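When a ligand or atom number is given, it counts from 1 through the structure's own listing order. Remember, it's a predicted structure, so these values are computed and weren't measured experimentally.
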Amino acid sequence: VPVVIRRINTGWLEASAGLSFFGEGRHPELPDGRLRGKPWRDDIQRADGSLGSGTMIPVPVWYVETPTARVLVDTGLPPVEELLAFQTRYGLVQAVEAAPEDDLTTQLAEAGIQAEDIDIVVHTHLHLDHVGGNRFFPNATFLVHEAELAWALCPPPYAAYYYRDFSHHTQDVLDRVTFVGNEHQVTPELRMVWTGGHSPGHCIVLVEAGFGTVALAGDAAYSYENLLYEWPQGPVIDFAAIRRGFQVLKSADLILVNHDDRVREFFPSGLISGQDLTEPVQEYMRRVRTTPSRSLEGWSDPWPPAAAEYGSA
Ligand SMILES: [Zn+2]
């Protein structure tokens, strides 16, 4: 029985330059002097009528079916009304979009999967855009790295993307949370690997999919540019861990990042299978995976090392 991997998008969030790339992706030796999220827009419509500049990034979850378990990796966006009310309280403005067809349980049902049938939810981490659908899965065990839970339940005031206002999503399922350590074999085909970096207990998920090892990146890298340039996304709590996480991702045959719409272009049906892995996608993955690793000492070398060969990546 082959492993099934399905991408399900739960909505869209505005990502500013600084959210997509640490330091807003600026460097004079880069083409155009900066990295930008793709596709870049200056006309993002926000709820308060203002226009945002940046990228509307998808917020997907992953359904993985193995011979022994139906697994969901993260649970996506909270309800839009909850996000907008939170923004008002905190004085934030960020566009949020979720159409009725982005509803998680509806999309699962369309694929023949009932929420009650989900056995395991693997949490890459507990940021607000990864826990928003926890309440839908009454029979699931929730796997969370041991360093992550306190940040979700009782975040310090400065802990961006946790916030006490969203802790109820984790509280809702607390009696079914199981802690895991740095390496956890969920099923014979599916493994959680702690990377830290983006959050204290951040894990990626490696899936043995028959056609190769697939890395579900969580937020270890937001976009393929983060990997091509070895340039961290904005939210970082540990730079060295972020860079180690990039290398773990690059060890996989196929890297599926969350917040980059090219994954939808690569796999328009949402199903990630060997047949859908076209030659251009494989070629792109080779480029992402073979970007030279740069040790921290390497930053004194002429930089960027191979910007020309990345082209307009
Ligand atoms: Zn995150």
Side-chain angles (χ1 to χ4, degrees), residues 7-22 25 37 54-62 72-78 82-83 86-87 90 92 94-96 98 104 121-134 142-167 169-170 180 192-205 215-227 231-239 241-246 248-249 255-261 263:
R7 178 181 182 273
I8 300 172
N9 190 35
T10 67
W12 303 81
L13 280 176
E14 174 186 344
S16 63
L19 192 65
S20 295
F21 298 103
F22 196 86
T55 310
M56 288 302 286
I57 56 171
V59 183
V61 307
W62 305 89
L72 210 57
V73 178
D74 292 331
T75 64
L77 275 183
E82 186 181 354
L83 285 161
F86 150 78
Q87 289 183 13
Y90 282 70
L92 299 169
Q94 181 184 25
V96 188
L104 174 54
V121 170
V122 170
H123 272 306
T124 62
H125 63 306
L126 298 173
H127 280 168
L128 61 91
D129 56 323
H130 296 257
V131 299
N134 282 1
F142 290 73
L143 302 183
V144 176
H145 187 274
E146 58 197 358
E148 188 70 14
L149 190 68
W151 285 76
L153 294 182
C154 194
Y158 52 79
Y161 316 113
Y162 294 99
Y163 308 108
R164 287 168 197 238
D165 314 62
F166 294 94
S167 64
H169 291 286
T170 304
V180 302
M192 291 173 75
V193 178
W194 175 74
T195 62
H198 175 75
S199 76
H202 185 280
C203 293
I204 65 166
V205 178
L216 304 177
D219 285 359
Y222 275 7
S223 73
Y224 291 114
E225 272 76 23
N226 297 127
L227 294 165
W231 192 302
Q233 59 275 21
V236 174
I237 58 147
D238 182 339
F239 278 100
I242 283 274
R243 298 171 63 78
R244 286 195 301 272
F246 286 169
V248 179
L249 289 175
I255 304 162
L256 299 173
V257 292
N258 272 351
H259 299 312
D260 186 332
D261 200 37
V263 177

* Set of ring pair (Phe, Tyr, Trp, His ring centres under 6.0 Å) partners for Trp62, sequence neighbours left out -> none
* **Minimum-distance pair of heavy atoms, taken over all atoms of His127 and Ser199** => NE2-CB, 4.1 Å
* Structure fact -> Applying salt bridge (charged side-chain N to carboxylate O under 4.0 Å, His left out) to Asp238 and not counting sequence neighbours gives none
* What heavy-atom pair brings Asn226 and Gln233 nearest, and what distance separates the two atoms? -> ND2-N, 3.6 Å
* Under the salt bridge (charged side-chain N to carboxylate O under 4.0 Å, His left out) rule, collect the residues that match up with Asp219, sequence neighbours excluded. => none
* Stepwise ring pair (Phe, Tyr, Trp, His ring centres under 6.0 Å) check, His130 with Tyr161 -> CA-CA 10 Å; His130 296 257; Tyr161 316 113; 9.9 Å; no
* Total protein N, O or S atoms, the Zn ion (ligand 1), separation less than 2.8 Å -> 4
